[in-house]
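What follows is a set of notes on a single structure, which appears directly below.
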There are 2 protein chains.
Amino acid sequence: MDAIEILKQLKDKGVRFTPQRQAILEFLLGTESHPTADEIYHHVKAKFPGVSLGTIYNTLNMLKVHGHILELSYGDMSSRFDGNPQNHYHIVCSKCGKVTDFHRPLIDVDQEAEEKSGFSIIGHRLEFYGICPECNGEKRLN
Amino acid sequence: MDAIEILKQLKDKGVRFTPQRQAILEFLLGTESHPTADEIYHHVKAKFPGVSLGTIYNTLNMLKVHGHILELSYGDMSSRFDGNPQNHYHIVCSKCGKVTDFHRPLIDVDQEAEEKSGFSIIGHRLEFYGICPECNGEKRLN
DNA sequence: ATAGTTGCAAAAGGTTTGCTGCCAC
DNA sequence: GTGGCAGCAAACCTTTTGCAACTAT
């Protein structure tokens, strides 16, 4: 499903179609990265120089609330947004913050969660926490 | 392993034992909830009225870096801290933010992650995202 | 005695809110 | 024409930082 299609669907819920929203959603759907609001802002600004951060947050929140994107918070202050849930998992170093991809078959539990909870499940997130080899090798940890 | 024991171990790494740290760590180990820094602050303040938020953050970060607690960020602005990893999973509503426990057998992948990545794994976190039944039933979603 | 820690306050950074004008419908 | 949205700026909240006094070692 592409950006235009999603935005058309949302019209039924009183959400308006604007070119800024189209640009934001297209960017999110077209990347495998999990950009921050600020990164999205700078990207959209290339096409719409007048766009403001408030619009970015407004749109991201609207898309999240309607279940089209995921807001993923890592320890590092700013949230990241994901337009393509279900790609891969992460391992995060509790010391240096480094994020490593962890490739393994996706865990098949979304349907179980949906049945047991009654939620409409959009996706899941699996994250491992630990200390990376480099940080483990260092002497002073403070 | 209790708070005093953990803090004694950390002395080898140049970390000092202070009563504030003991109180913070004891609170985290003794609760199943995932308190925010501010909640910890208010709790510790009952015993140490002079304690400051800076000390809370300082201690939490130190404990995190040494792999004794987990910092879990949800969409809601402030981080939550967990002294007892590996208890259960969560389902988060993307609209209203409600967090529901999801009880199921723990997924046994920590060792696999440790072997494949070289990290010392402390624990993992599995979270489902969706729209809860109440929010799904409402008419206006904006 | 030394170096890490506390408490305080200021600063920083991300996100939200209020408002006016504008634009999609 | 109406109501939602854009843009802008101020406000807000969480977290970090700087520093002098203190204290565990």
Side-chain angles (χ1 to χ4, degrees), chain A residues 3-4 7-25 34-42 44-45 47-66 69 71-81 94 97 139-142, chain B residues 3-4 7-25 34-42 44-45 47-66 69 71-81 94 97 139-142:
Chain A
I4 295 182
L7 289 171
K8 275 186 185 165
Q9 282 187 15
L10 289 173
K11 281 191 191 173
D12 301 342
K13 302 179 181 169
V15 175
R16 289 203 182 152
F17 183 104
T18 70
Q20 291 91 337
R21 288 179 169 183
Q22 182 185 349
I24 292 168
L25 185 49
H34 310 156
T36 62
D38 198 60
E39 285 161 2
I40 299 168
Y41 171 57
H42 286 297
V44 173
K45 200 163 193 173
K47 196 178 288 183
F48 298 93
V51 77
S52 74
L53 250 180
T55 299
I56 306 292
Y57 278 107
N58 176 14
T59 299
L60 290 173
N61 199 49
M62 181 273 293
L63 290 170
K64 178 180 108 181
V65 158
H66 287 91
I69 65 171
E71 177 180 4
L72 307 177
S73 314
Y74 296 92
D76 63 338
M77 185 92 50
S78 54
S79 284
R80 299 182 165 274
F81 296 86
S94 287
K139 287 293 165 280
R140 294 204 86 292
L141 278 176
N142 189 37
Chain B
I4 295 182
L7 289 171
K8 275 186 185 165
Q9 282 186 16
L10 289 174
K11 282 191 190 172
D12 301 342
K13 303 181 180 170
V15 174
R16 287 200 186 156
F17 184 105
T18 70
Q20 291 91 337
R21 288 178 169 183
Q22 183 185 348
I24 293 168
L25 185 49
H34 309 158
T36 62
D38 198 61
E39 285 162 3
I40 299 168
Y41 171 58
H42 286 297
V44 172
K45 201 164 193 170
K47 196 179 287 182
F48 299 92
V51 79
S52 74
L53 249 180
T55 298
I56 307 291
Y57 279 106
N58 174 17
T59 299
L60 290 173
N61 199 49
M62 183 274 292
L63 291 169
K64 178 181 105 181
V65 158
H66 287 92
I69 65 172
E71 176 179 5
L72 306 178
S73 312
Y74 296 93
D76 63 338
M77 186 92 49
S78 53
S79 284
R80 299 182 165 274
F81 296 86
S94 288
K139 286 291 165 285
R140 293 207 86 291
L141 278 173
N142 189 35

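- For A:Gln22, the side-chain contact (heavy atoms from CB on, under 4.5 Å) test picks out A:Ile4, A:Leu7, A:Phe17, A:Glu26, with sequence neighbours left out.
- Spacing between atom NZ of B:Lys13 and atom P of C:dT5 amounts to 14 Å, rounded to whole angstrom units.
- Phosphate proximity of D:dG7 to A:Thr55: present, with a side-chain N or O under 4.0 Å from OP1 or OP2.
- Taking the screw axis at each terminus of the helix from C:dA1-D:dT25 to C:dC25-D:dG1 from five consecutive base pairs, the angle between the two is 50° to within rounding of 10 degrees.
- The side-chain hydrogen bond (donor to acceptor under 3.5 Å, both in side chains) test applied to A:Tyr57 returns no partner, not counting sequence neighbours.
- Between A:Val15 and A:Arg21 the shortest side-chain heavy-atom distance falls below 4.5 Å.
- In this structure, CG of B:Leu60 is placed 15 Å from C1' of C:dT5, rounded to the nearest angstrom.
- Closest of all the heavy-atom pairs between B:Arg80 and B:His34 is NH1-O, 2.8 Å.
- Here the C1' atom of nucleotide C:dC8 and the CD atom of B:Gln20 are 14 Å apart, to the nearest Å.
- Residues that satisfy the side-chain hydrogen bond (donor to acceptor under 3.5 Å, both in side chains) test with A:Lys47, not counting sequence neighbours, are absent from this structure.
- A search for side-chain hydrogen bond (donor to acceptor under 3.5 Å, both in side chains) contacts involving B:Thr36 returns nothing, not counting sequence neighbours.
- In this entry the distance linking CD of B:Glu39 with P of D:dC13 reads 16 Å, nearest Å.
- Rounded to an integer number of Å, the gap from CE of B:Met62 to C1' of D:dT17 is 18 Å.
- Applying the side-chain hydrogen bond (donor to acceptor under 3.5 Å, both in side chains) criterion to A:Ser78, with sequence neighbours excluded, gives no partner residue.
- Across the protein-nucleic acid pair, B:Phe48 atom CZ and C:dT6 atom C1' stand 12 Å apart, rounded to whole Å.
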Strictly under 4.0 angstrom, non-hydrogen atoms only: write out the protein contact profile of nucleotides 14-25 of chain C, one letter per nucleotide from the 5' end, B, S or -.
SSB------BBS

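- The side-chain contact (heavy atoms from CB on, under 4.5 Å) test applied to A:Thr55 returns A:Gln20, A:Val51, A:Ser52, A:Thr59, not counting sequence neighbours.
- Atom C1' of nucleotide C:dC8 and atom CG of B:Asn58 are separated by 14 Å, given to the nearest angstrom.
- Taking atom CD1 of A:Ile56 as the reference point, atom P of D:dC5 lies 15 Å away to the nearest angstrom.
- Separation of atoms CG (B:Asn61) and CD1 (B:Ile56) is listed at 13.0 Å; rounding is to 0.5 Å.
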